[in-house]
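These notes concern the structure reproduced below.
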Amino acid sequence: YCTEKTQKEIYDFVVDIRKKQEHSTFLMDLKYDSMLIDSIISAPVCSASFDRYGQLRALSGITENRSLNIFHNDLNSIFKTVFV
């Protein structure tokens, strides 16, 4: 687990490397790049994923609500509950 400060420092490093374009690789920070892309597409940022147990992981963390588990509910219902 990394602190928010450490995550931000890593992301700043990734962005700096991208701007220099000295390498033939493309670095991506999954969390912050997803948030950036999401903020361009929609506001407010509403990025979400599911852990290996099917539990929703939103920006605020893991939810314990069983109704937000992809193995117990459909995606449409979950997103309506969380993001509407």
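Nothing here was measured: the structure is a model prediction, and the numbers come from that model. What you see below is based on every heavy atom in this structure, not just the backbone, and it leaves out hydrogens, waters and symmetry mates.
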inquiry  = I'd like to know if the side chain of Asn73 reaches the main chain of Ser67, judged simply by a donor and an acceptor atom lying under 3.5 Å from each other, with no hydrogens or angles considered.
reply    =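 Side chain of Asn73 to backbone of Ser67: a pair is present.
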First locate atom [atom1] of [X], then atom [atom2] of [Y], and finally report the distance between them rounded to the nearest 0.5 Å.
| X | Y | atom1 | atom2 | answer |
| --- | --- | --- | --- | --- |
| Phe50 | Ile78 | CZ | CD1 | 4.5 Å |
| Leu56 | Ile70 | CG | CD1 | 9.0 Å |
| Arg52 | Arg57 | CZ | CZ | 11.0 Å |
| Asn69 | Asp51 | CG | CG | 7.5 Å |

remark   = Which of Arg18, Lys20, Lys19 passes salt bridge (Lys or Arg N to Asp or Glu O under 4.0 Å) with Asp16? It is Lys20
key: Student check: side-chain heavy atoms of Phe79 and Leu68 closer than 4.5 Å   =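 No, side chains not in contact.
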task = Not counting sequence neighbours, which residues clear side-chain hydrogen bond (donor to acceptor under 3.5 Å, both in side chains) with Asp74? List them please.
result = Ser77
key: Presence of salt bridge, Lys5 and Glu9, under 4.0 angstrom   =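 Looking at Lys5 together with Glu9, the answer is yes, because their closest N to O distance falls below 4.0 Å.
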